Participant: 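This is the structure, below, for whatever I ask next.
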Amino acid sequence: MPILVMKFGGTSVADLDRIANAAEKVKREVERGYDVIVIVSAMSGKTNELVNWVETTSPLYDAREYDAVVASGENVTAGLMSLRLQEMGVSARSWQGWQVPINTTSAHGAARFMSIPRANIDAKFAEGFRVAVVAGFQGLSAEGRITTLGRGGSDTTAVAFAAAFEAERCDIYTDVDGIYTTDPRISPKARKLDKIAFEEMLELASLGAKVLQTRSVELAMRYNVRLRVLSSFEETDENSGTLVCGEDEIMESKVVSGVAYSRDEAKITLFTIEDRPGIASAIFGPLAEAGINVDMIVQNISEKDYDDAHTGAVTDMTFSCPTNQVARARKAMEDAMAAGLIKYDDLIIDTEVAKISVVGIGMRSHAGVAAKMFEALAAENVNIKVIATSEIKISVLVDRKYLELAVQALHDAFELDKA
Ligand code: ASP
Ligand code: MG
């Protein structure tokens, strides 16, 4: 029988009624003829509570015990979902990670999949069971300990199962009804997309459209797993939600598919640094060691500094990072200066910026996207502070107070409200 993977996030299994509602959706797919692998999250809020219990008990906790505690939330929902399905006459069995087994690395709290052998679950399907309910977010290390994958990891569990079991599709049930052209809270004209390419979703996911864990999209792209995002609170059918798929399935896409933003950006500029081989490495090495997630990087073209103190060629370096990492980034730079690794005249930090990006695979084959973007921002008098581009994305940093205005202007300029 064809296999379908259905994943239910925390809000979709928040209480017994919602578990029953999710179970109805599973039953329907069984009736359509699928063997179903259901991946469940913990009830919403549960994982936070468990993390909090661990941290309160032991601030410098043993990561193995953190995983032992935090993985338990998913075990509860897996068992309850299985029971609910049985009550509805559907033959279901629950699976914790170690029972499958879901083999992972030993990086507790951030484990990665090694392998998911099919034999045990396949044997149950062969016995006549129609549903395997698997606890998301967890696995088993080679040492035989329980591991977890990192927050939001159940999405990645779902995709990994879809790949391992060659599922027809991986349906991600959540509290939104799909992927939108932008955040509907910012632009009321935001429109739900029927389809979006893996690459575009990756850019949107990492830019803060927090619907899917980024790793799950990476994995889906690598194994060509068709992913569908849809609401567990609505009546749904084969056409509901947004399909995240390969480019080949998207007949004619717009040049720009979405406008993403990130509010928590900070811009840091090192003024008058030497322009010599190794300078970028001397700056970004210490930042990497300090664990700073550097995003955009812009180095100015070199200019001669005629000041007596500096005779060589000099330049400026600007980068962005999350606002909550600014203090650490500053310290890394000051320490690098004190250690004689780098030299700068001034270090300026701007924590009042936001990043806005337009994303679309159509950009590869169309000119003029940047010009159109800058024109739209100019028309609203929004000053651009930093620009960075990639093959399918153009990002700008602007003053945070213009975030809403800029997103709306770009959404209008690229006519994203029209299908
Ligand atoms: N329950 C876990 C979390 O809250 C994993 C997940 O739901 O994806 O992060
Ligand atoms: Mg999630």
Side-chain angles (χ1 to χ4, degrees), residues 5-15 18-19 22 25 37-55 61 63 65-81 94-98 100 102 104-105 107-113 116 133-140 146-163 170-180 183 196 201-202 204-220 225 227-233 241-242 244 260:
V5 171
M6 302 173 76
K7 183 257 173 179
F8 293 94
T11 50
S12 305
V13 292
D15 55 36
R18 289 193 180 172
I19 290 176
K25 292 189 180 287
I37 298 177
V38 179
I39 310 292
V40 287
S41 286
M43 293 173 163
S44 67
K46 193 66 203 174
T47 308
N48 288 343
E49 181 182 57
L50 295 169
V51 169
N52 186 268
W53 285 350
V54 168
E55 289 173 348
Y61 54 77
E65 304 305 347
Y66 168 99
D67 278 353
V69 174
V70 171
S72 69
E74 272 70 10
N75 297 344
V76 174
T77 30
L80 288 172
M81 173 69 81
S94 72
W95 299 81
Q96 297 183 8
W98 64 273
V100 175
I102 302 171
T104 71
T105 62
H108 286 278
R112 298 203 157 241
F113 294 111
I116 303 179
V133 187
V134 179
F137 178 55
Q138 56 175 263
L140 178 70
I146 306 298
T147 55
T148 64
L149 307 175
R151 299 305 304 271
S154 297
D155 293 335
T156 307
T157 305
V159 173
F161 271 80
C170 179
D171 286 347
I172 307 278
Y173 285 86
T174 180
D175 48 8
V176 296
D177 63 354
I179 309 294
Y180 279 73
D183 184 343
I196 185 166
M201 190 61 230
L202 264 183
L204 295 171
S206 59
L207 289 171
K210 297 191 181 71
V211 187
L212 291 170
Q213 199 197 35
T214 305
R215 265 170 71 196
S216 72
V217 186
E218 283 165 3
L219 203 62
V225 170
L227 264 181
R228 193 159 65 122
V229 176
L230 69 175
S231 167
S232 57
F233 303 126
T242 301
V244 188

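What's counted below: heavy atoms across the whole structure, side chains too, no hydrogens, waters or symmetry copies. Counting starts at 1 for both ligands and their atoms, in listed order. Quantities reported herein were computed from a predicted structural model and do not represent experimental measurements. All residue numbers refer to positions in the sequence shown, counting from 1.
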Participant: Start with the C-alpha distance between S12 and S232, add both sets of side-chain angles, then the distance that settles side chain to side chain donor-acceptor pair (under 3.5 Å), and finish with yes or no.
Facilitator: CA-CA 6 Å; S12 305; S232 57; 2.7 Å; yes
Participant: Ligand 1 and G152, any nitrogen or oxygen pair closer than 3.5 angstrom?
Facilitator: yes
Participant: Side-chain donor-acceptor contacts of residues 170-178 below 3.5 Å, not counting sequence neighbours, with atom names and distances?
Facilitator:
residue, atom, partner, partner atom, Å
D171, OD1, R169, NE, 2.7
D171, OD1, R228, NE, 3.1
D171, OD2, R169, NH2, 2.9
D171, OD2, R228, NH2, 3.0
D175, OD2, T11, OG1, 3.4
D177, OD1, Y180, OH, 2.8
D177, OD2, Y180, OH, 3.4

Participant: Return yes when G10 approaches ligand 1 closer than 4.0 angstrom through a heavy atom, no otherwise.
Facilitator: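 Judged by the 4.0 Å heavy-atom criterion, G10 does not count as contacting ligand 1.
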Participant: Can you name the atoms of ligand 1, numbered from 1 with element, that are less than 4.0 Å from a heavy atom of S154?
Facilitator: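 Those atoms are 5 (C), 6 (C), 7 (O), 8 (O).
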Participant: Any carboxylate oxygen within less than 4.0 angstrom of a Lys/Arg side-chain nitrogen, looking at R215 and E218?
Facilitator: no
Participant: Which is it for E74 and ligand 1 at heavy atoms under 4.0 Å: side chain, backbone, both or neither?
Facilitator: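 The side chain, only.
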Participant: Considering only protein heavy atoms, which is closest to atom 7 (O) of ligand 1, and at what distance to one decimal place?
Facilitator: S41 OG, 2.8 Å
Participant: Side chain to side chain contact (heavy atoms under 4.5 Å, CB included) with V69: which residues, sequence neighbours excluded?
Facilitator: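 Scan of V69 (side chain to side chain contact (heavy atoms under 4.5 Å, CB included), adjacent residues dropped) gives L50, V54.
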Participant: Hey, does the side chain of D67 reach the backbone of T148 with a donor-acceptor pair shorter than 3.5 angstrom?
Facilitator: yes
Participant: Looking at R151, which atoms of ligand 1 are within less than 4.0 Å of one of its heavy atoms?
Facilitator: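 The list of qualifying atoms is 3 (C), 4 (O), 9 (O).
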